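Heads up, the thing below is written out as structure tokens.
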Amino acid sequence: MVSIFIIDDEEAIRYLYQEGLTIEGHQIIGNAQNGQQAIENIERMKSYPDVIILDHRMPIKNGIETLKELRKNKIASKSKILFVTADPTIREEASNLGVSLFIQKPFSILKLAKLITNLFS
Amino acid sequence: MSEKPSISSFEALFDANPLSMIIVQDLTKIVYCNKTFIDVFGYSLEDVQKMEILDFVHKDDIILIKDRQKILLEGGEPERRFTMRFIHKDGSIMLTQVTGDNIIFNGKPARIIISANISAEPLINQSPELVNALLDALTHHTELGFWVDDLDDHTMYINDRLCEVLGYTFDEIKDKSVTDFLHPVSQETYHQSIENRKEGTPTSSYELVLIDRLGRPNTFRVIGSTLYDSNSQPMASVGFFANIEPMKKLSAIVSTLNKYALYSRYKDLSTFWNKVLDDILGIFYSDHGMVFLDSEILAKKGEFGFNFSPTEILEDLTKKGDIVSYIDTDCSHFFDSAQSVILATMFLNQQPAGFILIGSEIDNLYLPQDVDLFMTFANQITMNYEHHFLYIESEEEREYVSILLDILSHDFLNANTSVHGYLELLDQGLDTQNIDKFKEFLSRSINVVERSERILQTVQQLTKIQKERKAKRTLPLRPILENAIELQKTMFYPRKIDVTFECPKKKVNVIAGDLLQNVFENVINNAVKYTEEQDVKLDIKCVSVEIEELKLIEIRFTDYGMGIPDDIKPRFFKRLTRGDHRFQEGSGLGLYLASVILDTYNGEIRFSNRVPDDHKKGTVVIVQIPEG
């Protein structure tokens, strides 16, 4: 069972992750609507999630900014980051910040759930 | 002249020389003269051929020439340069500076005499009467004005050209001085030039503005000097007046056009046009001015009459097809003391969109060439403005289109991801999921698809609005408003919309385009949506208002619904942004589109509470559109 934290501003997508990823047996241990809220929530966690699904375009703090801050403050440095975006031009920047997977929208929720399983098998 | 020069190029070279030249052989015989000699001394070639050198010489100078001939005969060399008087064909005396040299001409010794006319110089030793007479002769056909004052600043002489420019006769000017004609801007310059002259350091060149008979200012470049009597005492001051008014205006116009070539340097339209107007009023010595463009008074100087309506003026210009109107009579309807007014139509997108006006209390202030110049200026400055404004506008639009495309791609990909995911989940759990989960996934999918539709519809509407600016025209308000009401009543049936409509004028026209009905539909739609009761009460009232002299029609839509909290009100009119929550919520997009549409009409939309300080008792939506 992989513990997952979801960061996405869209409620419909968060709900989709919740429903889709649990089918594969993963556990959603928290979520946030933007990067700022995510950092605050993750920082308070006793044990960091195995996977952070991080959307890029969000209000207040976007995906790249969030990732930079997580790295800078060494928060959840062992968590695998799945970076989700519709914009392929930021792939390189995200890779340089050590993301484990770059997922381009639109994607299949069931394939993503399997991908996470494979990542830890 | 018995012999011609043997080399033709020699003749051509001498003929092109601005100095008079003659070649003499055997002391007195003229064998050649150039074209300048003929022109300056007034004799024909036939005359010259029959004459000897002494025939041209003033009787008092014949002895001088004979003495020189004697020295030459004795093999000596007389002084090379000397002054002598020639006689013009009309009998007048011409003082010349002469240079003589020995040459070989056609193989024989000859003497070349080159002379320069220096007749003007002896003026300094002559009586004023003679000076006047000579100056008349000198300046009779010149474009230059010529003015001689005695030491008490009284006019001694003024030539015809200057009289003509100033519109006075010599008799009217002779007892006055330059100071009587000075424009206030030149008082200091002139008095300083007098002071300098008294101190023995005269200003050789300066600019003066003189007022002509009709009160029009004329700028002259003046070259001044002092005349002395035979005892070397100052006798009079003399000035050549070159009228540089047209040149000065043209130069100022060009400089103004260059200065305002970049509209983008100015913080807003009003600042830009006010600066332009200030400059143009200065160039044309005007005290009243207005720039009316795209239904707005963008700049104004001076008070205009109560009944002065820019909209009507523009309509009139458009109807007549006039590019420029020059009005010097019956223009008191512009402003009380108006005596001269010029109006030039301004074109945007090749359509008459406004005018620039200048006016003055001085009668007949503007000359026909001023009108031409003003028209060129108005045309050019509007083009400058239009080009740069269009550029900025297109840059903004480009950026906005990029945002819209971004919204489309981002929100659509998000929507697709969600729907795709829900469908996958439905497919996956077709046999196992409970019905509630099924309903949940379906309901969420429908919501996402509806949001996508809203995005598409909004972008589609925005594309239409881009063309709306060009579709502007005068439209009757009432039928458009009535159609919108009827359409919304049908749309919300069986809910009842009870509308009271109050409009004092039976016929009200506005300047708007095809999407005006869309604005009203959106406003009414919003009022219905924000009313919880089944039956909706809506009051619509039209009034004429005037804001900064711009006539507008104000339409107030008052509903009795749940109202809109004050902190949320501004959000309705904010430009769309990435991840805009209005797409998700599905509310406010209509009013946003209404505000974009009204913006193209130079109109406005805003909210207020029906009951002040209590937003919960309903809303008043105020729409303002320029009156047609």
Side-chain angles (χ1 to χ4, degrees), chain A residues 4 6-26 28 31-37 53-66 82-91 102-117, chain B residues 402-455 459 571 574-587:
Chain A
I4 302 170
I6 295 159
I7 313 171
D8 199 303
D9 63 325
E10 218 176 300
E11 199 273 332
I13 300 273
R14 290 201 303 272
Y15 180 79
L16 181 68
Y17 285 131
Q18 175 77 40
E19 293 295 319
L21 300 180
T22 48
I23 288 174
E24 190 68 16
H26 306 312
I28 310 299
N31 69 60
Q33 294 176 32
N34 59 64
Q36 187 58 44
Q37 198 184 57
I53 297 179
L54 176 59
D55 186 38
H56 175 55
R57 181 167 292 162
M58 292 179 293
I60 303 171
K61 195 165 273 177
N62 69 26
I64 291 287
E65 289 163 346
T66 308
L82 270 58
F83 198 84
V84 185
T85 181
D87 181 3
T89 61
I90 53 163
R91 177 188 283 267
F102 187 90
I103 298 161
Q104 198 168 330
K105 287 179 186 170
F107 57 86
S108 154
I109 189 69
L110 296 179
K111 282 181 187 165
L112 179 67
K114 283 212 160 52
L115 202 74
I116 294 170
T117 308
Chain B
S402 139
I403 291 172
L404 291 180
L405 282 173
D406 204 48
I407 289 170
L408 273 178
S409 61
H410 175 261
D411 287 34
F412 261 76
L413 286 172
N414 262 3
N416 271 15
T417 304
S418 301
V419 174
H420 185 217
Y422 293 141
L423 290 174
E424 275 184 314
L425 295 178
L426 281 169
D427 184 45
Q428 168 97 358
L430 207 55
D431 303 325
T432 54
Q433 295 278 15
N434 64 39
I435 192 76
D436 290 340
K437 272 279 186 242
F438 258 70
K439 281 182 180 171
E440 177 70 27
F441 293 157
L442 280 174
S443 155
R444 281 177 174 273
S445 299
I446 290 166
N447 282 343
V448 172
V449 170
E450 280 175 350
R451 189 185 67 194
S452 301
E453 285 167 358
R454 280 195 289 275
I455 295 169
V459 172
R571 275 194 226 167
K574 251 177 71 180
R575 257 193 160 192
L576 293 179
T577 53
R578 294 179 174 102
D580 202 302
H581 283 267
R582 280 174 286 188
F583 288 126
Q584 289 171 34
E585 292 153 10
S587 64

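Everything numeric here is computed off the predicted structure, so don't read it as measured data. Each chain gets a letter, A, B and so on, in the order its sequence line appears, and its residues count up from 1.
- Residues of residues 109-117 of chain A having a heavy atom under 4.5 Å from any heavy atom of chain B, listed by number: A/I109, A/L110.
- What you find for A/A12 and B/V448 is that their closest heavy atoms are CB-CG2, 4.1 Å.
- The side-chain hydrogen bond (donor to acceptor under 3.5 Å, both in side chains) test applied to A/D8 returns no partner, not counting sequence neighbours.
- The side-chain hydrogen bond (donor to acceptor under 3.5 Å, both in side chains) check on A/Q33 picks up nothing, with sequence neighbours excluded.
- The NZ atom of A/K105 sits 6.0 Å away from atom OG1 of B/T417, with the distance rounded to the nearest 0.5 Å.
- For the atom pair OG (A/S108) and CD (B/E424), the distance works out to 3.0 Å, reported to the nearest 0.5 Å.
- Scanning all heavy atoms of the two residues, the minimum distance from B/L425 to A/G20 falls at CD2-CA, 3.6 Å.
- The side-chain hydrogen bond (donor to acceptor under 3.5 Å, both in side chains) test applied to B/E440 returns B/R444, not counting sequence neighbours.
- With rounding to the nearest 0.5 angstrom, the OG atom of B/S418 is 9.5 Å from the CD atom of A/E11.
- For the atom pair CZ (A/F107) and CG (B/N416), the distance works out to 11.5 Å, reported to the nearest 0.5 Å.
- Classification of the B/F441-A/Y15 ring pair by plane angle, with boundaries at 30° and 60°, yields perpendicular.
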